[in-house]
Number of protein chains: 2
Amino acid sequence: MSTDLPHTSGAPTLEDVARVAGVSRATVSRVINGIRNVAPDIQEAVHRAIETTGYVPNRAARSLVTRRTGAVALVVSGAGDAKGGEPFESRVFADPFFGRVAGGVVGYLRPRGIHPVLMLADSAQTRDDVVSYLRQGSADGALVVSTHAEDPLPKLLVDAGLPAVLWARPARPIPISYVDLAHRAGAALAADRLVARGCRRVATISGPFDVPAAQDRLSGFQEAMAGHGHPYVPAVEGDFMPASGEAGMHRLMKEHPDIDGVFVANDLMAQGALLALRDLGRRVPEDVAVIGFDDSAAVTCRPPLTTVRQPMEDMAAEMARLLLAHVADPDLQVTSVIVRPTLVVRQSA
Amino acid sequence: MSTDLPHTSGAPTLEDVARVAGVSRATVSRVINGIRNVAPDIQEAVHRAIETTGYVPNRAARSLVTRRTGAVALVVSGAGDAKGGEPFESRVFADPFFGRVAGGVVGYLRPRGIHPVLMLADSAQTRDDVVSYLRQGSADGALVVSTHAEDPLPKLLVDAGLPAVLWARPARPIPISYVDLAHRAGAALAADRLVARGCRRVATISGPFDVPAAQDRLSGFQEAMAGHGHPYVPAVEGDFMPASGEAGMHRLMKEHPDIDGVFVANDLMAQGALLALRDLGRRVPEDVAVIGFDDSAAVTCRPPLTTVRQPMEDMAAEMARLLLAHVADPDLQVTSVIVRPTLVVRQSA
DNA sequence: GACAAACCGGAGAGCGCTCTCCACTTCGTG
DNA sequence: CACGAAGTGGAGAGCGCTCTCCGGTTTGTC
């Protein structure tokens, strides 16, 4: 019969399905959303009608009434103008760190039928864009990874009453949920290992002092070394990039030629440090033991890097879980999840 | 006056703005969307009303009527079960290749106020999810990066009449727009360089034979070498990962100890090849010259890698541009954009 | 000064969906 | 056998926005 066809061109609507199934729109909606009891034979008829019409619910119409989108923003926030050269987006996404976080988020969200929207916030303008984006109901909440400590975005989100979860504790305390690593404990793991190996002259290459994680790793390491009877640990500051690890290692060896153990605040810099050590003719781990942090680039190093593993995928998944909880229950209390790192022993220490 | 306040709790709507500005909904809509002429003083009044109410248009309501979402899907498609071990999302996003593509896409899309939705398609189920996602109007089109040659997703998209643009030419010709690199020309650049340096015994480490780009790089290189009077070029197959480059290099040197130049089909494998060469005590470039491809990991190599640069960010931006054109005009003809690579000379050759 | 042409702003009809009533069955129970 | 409780499905009111008509007001032109 001709009335079985959609009445207008374009995608079939609920109305079309209802007509084909011989029921009302409301019933079809119930079947689709699994609400209340609908007699089995009618459910069956509706499913058949959906099948034959090729119906797919319209997301915009649905979220107009439910006030939910089934999307979350994954925003990378930082200072775009910090260093010249490449644009922010190139630097950010090229970092394996981001990739692993994205992987963890997607791994958790995908089975739940929700997808992350990639956003970058590197200026006042783009930060406002993120807030607007959420306010217009384009996403239900935000997962925020800040590259800079003083990032104002988290506060903007809190002030706007938008659900959000942060990667890492914010520099300035604000009422927002976050997931972080026990950096100090991780650094202590490295210190223990170095001492256990018999290293006597230990140094460290830290991350930028203005990022809390870098501070924690540094002070955690120094403290643990102090506990092992080494009150003074030479330290140089890097920027988490390989080149700074290389330069830092050179400086360290020049100033303290007898160093026999180094804790480097992330794997990327450790990679550079390894290069420097090789150039200087020092064997790793025989002459100098090296421990990295993150377990991000460890296997591609020569020798394979002993490192403090940060389970980024798990942490990212945890962020997603927390965010969905906040979205489901706006009154949910702010919480923090601190994950414990583990030491992965390979060959460099 | 009390009527200036939104009549209900929740976000202000067009209606609220209209009331405050003393005009109709339609006029506010016109001002916001910049359609037709609205008297300057009224525009002014509307803007003020928007300001005071803190109005933000509701995306769902808007796209319900415009049938546009202002979002595109960025889908990474491939075979998830190919190799055991880590889940697909971890492998994919950890690859700097993906990061650069994402960066290019975001760089182009962001100034236009549109954001990519990250999706993964690694099974029949998830491929259907992508199609459904687009069909329900959650995104206006798809940017597809396939990791596998026989990926069925592009065809599904074409069959569903959904706007989509591919990264790289599909293995099987289908009517879909794509952006690709002139791989053969790039390989020829490498051949020319090696020959110009005086290399006499040249070999190559190729990518997997089932990916078209790898084939093109291999045959393009062989052909160019033939043109230089070298009809036979020893070749081993890798999988684009560092370890396979290292293994390949060892095999090559064992079978042909007099090799003095190698073209490696991507930088990641070249990185591994460099490691192998160092282990074998060969100096680069004095004993063996090495040229990579992509310019992705080149600067972190020792020595810095001479490589064929693939401008991924530009290509990704071009994909985005093409997709938006297809979205704006559904009848737009299918096109392909082939980008020319350049040789970046560093120290390895 | 009259008439058309341009301009401006309002009314109102949906876009496709969810969800709250309500009416109608069908049971179980005293 | 009557009566309320539970279960089942329909009607209809919006969600917030865009956009087509249309009527009213200016402006230009002979």
Side-chain angles (χ1 to χ4, degrees), chain A residues 6-47 49-50 53-70 132-138 140, chain B residues 6-47 49-50 53-70 132-138 140:
Chain A
H7 58 308
T8 78
S9 61
T13 72
L14 251 202
E15 189 75 51
D16 298 320
V17 177
R19 193 160 349 101
V20 172
V23 297
S24 77
R25 250 188 2 259
T27 303
V28 179
S29 179
R30 279 187 202 110
V31 171
I32 291 174
N33 297 301
I35 308 280
R36 281 244 308 257
N37 284 338
V38 173
D41 52 330
I42 294 215
Q43 287 196 36
E44 175 57 28
V46 169
H47 279 127
I50 290 176
T53 51
Y55 171 76
V56 177
N58 179 304
R59 192 94 128 199
R62 176 177 288 178
S63 69
L64 180 56
V65 21
T66 60
R67 262 111 224 309
R68 282 288 167 71
T69 64
S132 288
Y133 191 79
L134 292 169
R135 291 222 305 138
Q136 19 176 290
S138 297
D140 298 331
Chain B
H7 57 308
T8 79
S9 61
T13 72
L14 252 202
E15 190 74 52
D16 297 320
V17 177
R19 191 157 354 97
V20 172
V23 298
S24 77
R25 246 184 10 256
T27 301
V28 179
S29 180
R30 280 186 201 109
V31 171
I32 290 174
N33 296 299
I35 307 279
R36 282 244 309 256
N37 285 336
V38 173
D41 52 331
I42 295 214
Q43 288 196 34
E44 175 57 29
V46 169
H47 280 128
I50 290 176
T53 52
Y55 171 75
V56 176
N58 179 305
R59 193 95 127 197
R62 175 177 289 178
S63 69
L64 181 56
V65 22
T66 59
R67 262 109 227 308
R68 282 290 166 69
T69 64
S132 288
Y133 191 80
L134 293 170
R135 292 223 303 139
Q136 33 178 284
S138 298
D140 298 330

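In this text the structure is predicted, and so the values were computed from the model without any measurement. Throughout, a chain's letter reflects where its sequence line sits, starting with A, and its residues are numbered from 1.
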Checklist entry - Taking only N and O in the side chain of A:S24, is any of them less than 4.0 Å away from OP1 or OP2 of D:dG10? => result yes
Checklist entry - Within this structure, what is the CZ-to-P distance between A:R68 and D:dG16, rounded to whole angstrom? => result 16 Å
Checklist entry - How would you list, by chain and number, every residue that makes a side-chain hydrogen bond (donor to acceptor under 3.5 Å, both in side chains) with A:T69, sequence neighbours excluded? => result A:D140
Item to check | Residues which pass side-chain contact (heavy atoms from CB on, under 4.5 Å) with B:R62, listed by chain and number, not counting sequence neighbours | outcome: B:I32, B:N33, B:P57, B:T66
Next on the checklist: Donor-acceptor pair, distance only, cut-off 3.5 Å: does the side chain of A:T53 make one with the backbone of A:A49?
Outcome noted: yes
Could you pull out the protein-nucleic contacts involving nucleotides 12-14 of chain C (nitrogen or oxygen on both sides, under 3.5 Å)?
unit_1 : atom_1 : unit_2 : atom_2 : d
C:dA13 : N6     : B:R25  : NH2    : 3.0

Item to check | Interatomic distance where CZ belongs to B:R135 and P belongs to C:dC17 [whole Å] | outcome: 12 Å
Checklist entry - A:N58 side chain N/O closer than 4.0 Å to the phosphate oxygens (OP1, OP2) of C:dC15? => result no
Checklist entry - C:dC17 C1' sits how many Å from A:R62 CZ, rounded? => result 8 Å
Checklist entry - Below 4.0 angstrom from OP1 or OP2 of C:dC19, is there any side-chain N or O of A:S29? => result no
Next on the checklist: Expressed as a whole number of angstroms, how long is the span from B:L14:CG to C:dG9:P?
Outcome noted: 16 Å
Checklist entry - Of the nucleotides D:dC21, C:dC17, D:dC19, which has the atom closest to the B:R30 side chain? => result D:dC21
Next on the checklist: Please enumerate all residues that pass side-chain hydrogen bond (donor to acceptor under 3.5 Å, both in side chains) together with A:R135, with sequence neighbours excluded.
Outcome noted: none
Checklist entry - Taking all non-hydrogen atoms of both residues, which atom of B:S132 and which atom of A:V56 are closest, and how far apart? => result O-CG1, 4.1 Å
Item to check | Rounded interatomic separation in angstrom, taking CG from B:N33 and P from D:dC17 | outcome: 10 Å
Item to check | Reference residue B:V28; test side-chain contact (heavy atoms from CB on, under 4.5 Å); the match among B:D16, B:I42, B:T13, B:L14 | outcome: B:L14
Item to check | 5' priority, DNA chain C, between B:R67 and B:I42 [closest heavy atom] | outcome: B:I42
Checklist entry - In degrees, rounded to 10°, what is the bend between the two ends of the helix from C:dG1-D:dC30 to C:dG30-D:dC1, using five pairs at each? => result 40°
Checklist entry - With sequence neighbours left out, what residues match A:A61 under side-chain contact (heavy atoms from CB on, under 4.5 Å)? => result A:N58, B:L64
Checklist entry - Atom CD1 of B:I32 to atom C1' of D:dT18: distance rounded to whole Å? => result 11 Å
Checklist outcome for this item: Sequence neighbours excluded, the answer for ring-ring contact (aromatic ring centres under 6.0 Å, His included) partners of A:Y133 is B:H115
Next on the checklist: Closest approach to the side chain of B:A39, judged atom by atom: which nucleotide of D:dC17, D:dG16, C:dC8 is it?
Outcome noted: C:dC8
Next on the checklist: Is there, by distance only and without an angle test, a donor paired with an acceptor across the side chain of B:R59 and the base of D:dG16 below 3.5 Å?
Outcome noted: no
Item to check | First of B:D41 and A:Y55 reached from the 5' end of DNA chain C, by closest nucleotide | outcome: B:D41
Item to check | From D:dG10, C:dG9, D:dC17, nucleotide with atom closest to B:T27 side chain | outcome: C:dG9
Checklist outcome for this item: Rounding to 0.5 Å, atoms CZ (A:R59) and OG (A:S63) come to a distance of 8.0 Å
Item to check | A:D16 CG to C:dC15 P, straight-line distance once rounded to whole Å | outcome: 11 Å
Checklist outcome for this item: Residues passing the side-chain contact (heavy atoms from CB on, under 4.5 Å) test with A:A26, sequence neighbours excluded, are A:S24, A:R30
